[in-house]
Structure formats: structure tokens, C-alpha cells
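These figures come from a predicted structure and were not determined experimentally.
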Amino acid sequence: MHATSRRSLAAAILLAVATAAPLLSGCSTNPATGEQSFTAFMSPEQERQVGREQDPLIKQEFGGAYDDAELAAYVTRIGNKLAATSEMPDLDFRFTVLNTPDVNAFALPGGYVYITRGLVALAENEAELAGVIAHEIGHVTARHSAERYSRGTVIGLGAAILGVLSENQAIADLANLGSQLYLKSYSRDQEFQADTLGIRYLSRAGYETGAMASFLKKLGSASRLQAEIAGGNHDPDAVDLMATHPRTVDRVQKALVAASVRPVSNPIVGRDPFLDKVDGVLFGSDPKEGMIRDRVFLHKDLNFRFEVPPNFRIYNQPDRVLAADQNGARFIFDAAPKASGQIPARYIRDSWAKGHAVRDLESITINGMNAATGWLAITANNRTTYMLRLVAIRYNADTLYRMQFLIPSWNADALNEGMRRTTYSFRRLSADEQADIRPYRVKVMRFDGTVSEQSLAGSIPFPGYELRYFRVINGLENGQQPPSGSRVKTIRPD
């Protein structure tokens with residue numbers, strides 16, 4: 001989270017579709033799949049235009065492009081090598097590593113392919129990374145990304161409450177969690193097509209084609225471990241590769257057969273070149289955007305922290321912090337625009353909720369800071385009623401922070417204590433807390449027998465799960481040790 005404002009990705013997607021050229025009609029034969037594809041929603045020219053327009057918004061939504069020129073060039077070289085073997089070698093593909101810890105990869109229409117630094121940290125070698133990129137190229141050449149993009153613009157609940165409060169264009173994010181509106185799952189058939197095409201491109205480029213399945217197996221292990229670490233606080237609709245690309249190792253193996261490719265002689269695995277590039281990659285939250293530690297959000301530069309209710313998962317955005325549980329409750333934290341010097345209660349009544357009756361509006365004190373709170377009743381789609389709890393906190397003369405809780409009415413009583421605890425958890429950081437906020441990075445080391453696995457894993461920031469996480473990111477089965485003399489990844493603070 002930072003203080004600059006941006007245009008809502010969801011709103012931008014709506015605008016792009018609404019202002020697109022008139023719809024085309026009919027079907028055409030897709031050069032990658034050989035099948036008839038419906039092209040009414042978006043022509044190839046429109047695909048490229050949409051990709052160009054949405055690329056900067058995607059980057060903003062996911063923390064920008066990761067600042068590592070060597071890694072960016074490495075990923076681009078791999079991507080261009082694979083794209084050159086595709087049925088669209090002349091498409092101007094763009095490959096970007098996004099600065100987010102989420103483990104994900106996706107593509108926009110027109111050849112804009114993204115992988116996250118969280119995914120890079122999880123991969124084991126160049127072939128696994130190439131498998132992910134090849135899969136996304138397959139979605140582009142099969143035009144799946146254009147189809148999903150056209151369908152994925154339905155706002156739903158967010159549209160119903162968008163604009164209910166003045167100066168609050170982000171209210172839709174309470175229901176849709178920002179870009180998750182776009183990152184919805186492909187169909188099983190589309191995933192199978194993308195796997196088949198990706199394996200075809202891997203083979204043509206000389207890579208180990210089994211790397212796609214080996215990475216998916218590791219991804220499953222990592223996802224299960226993260227769910228266990230979260231203690232049940234694991235949203236199955238979270239932005240990760242398991243949610244946006246529902247696949248199994250078995251289906252990838254079937255795609256390997258369907259691709260009908262010849263075994264590659266001396267296939268490229270590329271473990272050492274990959275480890276050279278991943279060494280030093282940022283792991284977890286970027287301190288510049290704030291740190292997520294379980295249910296706590298801390299920001300060193302802005303000097304504050306707060307804790308969300310149990311069973312909520314935090315999603316950090318460039319200019320706001322979102323959180324959600326699996327029962328439809330949503331939370332958003334941001335800085336109020338144009339609120340310098342305003343008394344919190346007056347800001348809620350006259351600016352934030354102007355024109356709406358705020359119930360039980362009262363002034364409060366939160367850890368020495370003047371604040372106020374009240375609530376509104378919101379009805380969506382003429383059937384579902386929500387409580388929208390508003391909290392305004394005067395941090396200093398120039399800054400007023402806001403909390404919003406969107407809670408289904410049937411669950412309001414159960415979450416009342418959690419909302420209260422979150423409200424009063426907001427405070428400034430102590431000197432020790434500020435000093436403790438250090439970024440973690442992937443560190444490549446040599447397993448030479450002089451140090452134990454436990455010693456190598458000891459600094460991984462998942463207390464009680466250090467060794468298991470070490471084994472997952474190094475592709476090791478339970479009880480399996482790295483070969484003596486091999487290079488391994490661990491996580492260490494700067």
C-alpha cells in the first residue's frame with residue numbers, strides 16, 4: 001500500500017469493453033488449436049489494443065514490474081524462445097515479472113504474459129519456469145485470454161454498491177478484491193488445450209517436457225502447506241495458480257500424450273542458470289508496500305500496524321489493504337482523499353457518507369488518536385443486506401485513515417467483536433517493531449554436509465514449518481535430503 005491513487009482495474013476493464021469497437025460475428029479457425037473459435041467479442045487487433053491499455057493497470061495492481069533487470073531479461077529470453085515456436089511467432093509478446101509474493105501466472109489478450117516473483121521463487125529450474133510461460137503462451141495462441149477477458153467484466157455485487165459513498169470508487173473492491181474480478185478460472189478444456197500447446201512449445205524449444213508436471217506437483221505441495229500454515233485461513237478463491245489454473249498432474253500427463261511430441265534429445269533443464277538468477281529475489285511482502293504477517297499488516301515507512309479478524313486473509317494493493325473471509329465479509333483500509341484537518345465524525349457525515357443516513361455515529365479514541373465510527377445498511381441486488389461499518393482515524397494533521405467492513409447482516413453479530421478488535425488494533429509502531437521489519441530474500445547455498453537441513457531452513461519465516469517449507473521449495477519429498485554438494489534454496493532476511 002502507498003499513498004498514490006490509481007484507477008480501479010475493475011472500472012478500467014468495464015470501460016475498455018464498453019468502448020470497444022462494434023462486435024464482430026462468426027467463427028474462424030484458430031491456427032494453434034485447429035478448431036473453430038468464436039471471435040465475436042474481440043478481434044486480434046482489439047486484443048492487442050486491450051493488452052496495451054491494461055498492461056500498466058495490471059502492473060499497478062500487482063506492485064509493478066519487479067526491479068531486477070537480469071531476471072527480467074532472463075524471463076524475456078525464455079519467453080521469446082518459446083513464442084518463436086508457436087503458431088503466432090510474429091505477435092509482439094511481452095513478458096513481465098510482477099513484484100508480488102503471490103504464486104501466479106496469467107496473460108492478457110495480445111500477448112502480454114505475466115509471472116510473479118513468488119512463482120519464480122517456487123520453481124526449481126529453467127525448464128519448470130519455461131513450462132509455466134509456455135502454458136500462458138498457449139492460452140494466448142488459443143485466444144482463451146480474450147474469451148475470459150470478455151466474460152470477466154461482470155462486476156456483480158461491486159456494481160450494486162459502487163458509488164454508494166462519495167469519493168469511494170474503491171467500494172467495489174470490498175466485494176471483488178480488485179483484480180480477482182479478472183483472474184477467474186479457465187475451463188477444464190481450455191486448461192487442457194493450454195497444457196497441450198505449452199508442451200508442444202517446450203518440445204520445439206528443446207526443454208524437458210516433464211517439467212510442467214513436476215512444477216504442478218510442487219505447486220500442489222506448496223498450496224497444501226500454506227493452507228496448513230494458515231490454520232484454515234486459506235481462501236480457495238485466493239489469487240494463486242491453483243485457483244486461476246485448476247489442473248492436476250494427471251491431466252498434464254494426458255496433455256503430454258495428446259501433444260504427440262517426440263522425446264527431446266538432451267533436453268534443457270537449466271538448474272544452475274536458473275538458480276543464478278533466482279538468488280537474491282525478494283520473498284514475501286515488499287517493505288515499501290507494507291508487510292503481511294499472518295493476520296497483521298505493518299508499514300514501516302508510514303509507521304502503523306493493524307490486525308484483521310480471525311479467518312480473514314489479507315491482500316495488499318498499491319493504495320489500499322483488502323481482507324476477506326470465506327463467508328462474504330470484506331474489509332478495506334486506505335487513506336482518505338482531501339481530508340486534511342477534518343474532524344473524523346464530521347468527515348464521515350459530511351464527506352464520506354454525504355447524502356446517506358449514518359447510524360450510531362460516535363467519536364472514539366484509538367490508541368491516542370481521534371477517530372469516529374458509524375454504519376450504514378446496504379442492500380445489493382434487491383435481496384442481500386449488508387452492514388457497512390465505517391471508521392475514520394485522524395493519524396496526523398494531514399492524514400486520515402479509513403476502515404470499512406462490509407458484513408452480511410446474518411453474520412454481523414458474530415463478527416462484531418472481530419471488527420471492534422481490528423478497529424482498536426490500529427496504532428503506531430514501536431522502535432523495535434520498525435527495526436524488525438526487514439525484507440526476506442531467496443538465498444542459494446551449497447549443501448556440502450557441513451551444515452544440516454535444519455540449519456539451512458532455520459531462517460525461513462514460517463515458525464514450526466521451516467524444514468517442510470525448505471523441502472517444498474527444493475522439490476524434496478518428506479525425509480529426502482538434498483544430494484551432497486548440490487545447490488539449494490532457502491529464505492533469509494537481508
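- For S221, the side chain to side chain contact (heavy atoms under 4.5 Å, CB included) partners at least two apart in sequence or on another chain are R224, V472.
- Atom CZ in R117 sits 11.5 Å away from atom CG in D67 (nearest 0.5 Å).
- Taking the side chain as every heavy atom from C-beta outward, S363 and P344 never approach each other to under 4.5 Å.
- Nearest approach of R389 to G374, heavy atoms of both residues: CD-O, 3.4 Å.
- Proximity of M403 to F306: side-chain heavy atoms (C-beta onward) are separated by under 4.5 Å at one or more points.
- With sequence neighbours excluded, no residue forms a side chain to side chain donor-acceptor pair (under 3.5 Å) with R492.
- For N316, there are no side chain to side chain donor-acceptor pair (under 3.5 Å) partners two or more places apart in sequence or in a different chain.
- A 4.5 Å side-chain heavy-atom check between V97 and L119 finds every atom pair outside the cut-off.
- Annotation: N303, atom CG; neighbour count of heavy atoms from other residues, nucleotides and ligands within 6.0 Å is above 12.
- Residue N396 places its CG atom among more than 12 non-hydrogen atoms of other residues, nucleotides or ligands, all under 6.0 Å distant.
- Once rounded to the nearest 0.5 Å, the distance linking CG of D294 with CD1 of I314 reads 8.0 Å.
- The closest donor-acceptor contact from the side chain of T100 to the backbone of T116 lies at 3.5 Å or more, if one exists at all.
- Using a distance-only test at 3.5 Å, with no hydrogens or angles considered, a donor-acceptor pair links the side chain of R295 to the main chain of V308.
- With a 6.0 Å radius and a threshold of 12 heavy atoms from other residues, nucleotides or ligands, K300 has its NZ atom above the threshold.
- S285 and I292 get closest at one heavy-atom pair: OG-N, 3.1 Å.
- Of the options L388, V358, D360, V391, a side-chain contact (heavy atoms from CB on, under 4.5 Å) to W375 is made by D360 and by none of the others.
- The closest side-chain donor-acceptor pair between R402 and Y347 falls under 3.5 angstrom.
- Between F331 and F297, the gap from one ring centroid to the other reaches at least 6.0 Å.
- Taking the side chain as every heavy atom from C-beta outward, T96 and K59 approach each other to under 4.5 Å.
- Pairing each heavy atom of G63 with each of N99, the nearest pair is O-CB, 3.5 Å.
- With respect to the salt-bridge test (charged N to carboxylate O, under 4.0 angstrom), the residues E191 and R251 do not qualify.
- Looking only at side-chain heavy atoms (C-beta outward), I491 and V442 come within less than 4.5 Å of each other.
- Side-chain contact between R293 and D436 is present, with at least one heavy-atom pair separated by less than 4.5 Å.
- Inter-residue side-chain proximity for P408 and N327 is flagged as unmet; no heavy-atom pair is nearer than 4.5 Å.
- Every residue two or more places apart in sequence or in another chain that forms a side chain to side chain donor-acceptor pair (under 3.5 Å) with D494 is listed here: R441.
- In this structure, T422 contributes its side chain and E307 its backbone to a donor-acceptor pair below 3.5 Å.
- A tilted orientation is assigned to the rings of F62 and F106, their planes being inclined by 30° to 60°.
- Note that CG of N411 and CE of M387 are 11.0 Å apart. Values are rounded to the nearest 0.5 Å.
- Looking at heavy atoms from C-beta onward, D334 lies out of side-chain contact with D319 at the 4.5 angstrom threshold.
- By the side chain to side chain donor-acceptor pair (under 3.5 Å) test, K489 pairs with no residue at all, sequence neighbours left out.
- Considering R427, R438, R428 in turn, R427 is the only one that fulfils the salt bridge (charged side-chain N to carboxylate O under 4.0 Å, His left out) rule with E433.
- Put simply, CG on L302 and OH on Y401 are 4.5 Å apart, with the number rounded to the nearest 0.5 Å.
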- Task: Begin with the C-alpha distance, continue with both residues' side-chain angles, and end with the deciding distance and a verdict on side-chain hydrogen bond (donor to acceptor under 3.5 Å, both in side chains) for N104 and Y114.
- Result: CA-CA 8 Å; N104 211 344; Y114 307 88; over 6 Å; no
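- A donor-acceptor pair under 3.5 Å is formed between the side chain of D286 and the backbone N or O of K288.
- Closest approach of A345 and L361 over heavy atoms only: O-CD2, 3.7 Å.
- The structure places OG of S340 at 6.5 Å from CZ of R394, a figure rounded to the nearest 0.5 Å.
- When the side chain to side chain contact (heavy atoms under 4.5 Å, CB included) test is applied to A213, the partners found at least two apart in sequence or on another chain are V249, V252, Q253.
- Below 30°, between 30° and 60°, or above 60°: for F333 and F304 the angle between ring planes is between 30° and 60°, a tilted geometry.
- Taking the six-membered ring for Trp, F312 and F405 have ring centres at least 6.0 Å apart.
- Within the 3.5 Å criterion, the main-chain N or O of P287 finds no donor-acceptor partner in the side chain of E289.
- A donor-acceptor pair is defined here as one N or O able to donate and one able to accept, closer than 3.5 Å; such a pair exists between the side chain of S409 and the backbone of T385.
- For the pair Y66 (side chain) and L282 (backbone), a donor-acceptor distance under 3.5 Å is present.
- Distance CD/E417 to CG/L415: 11.0 Å, rounded to 0.5 Å.
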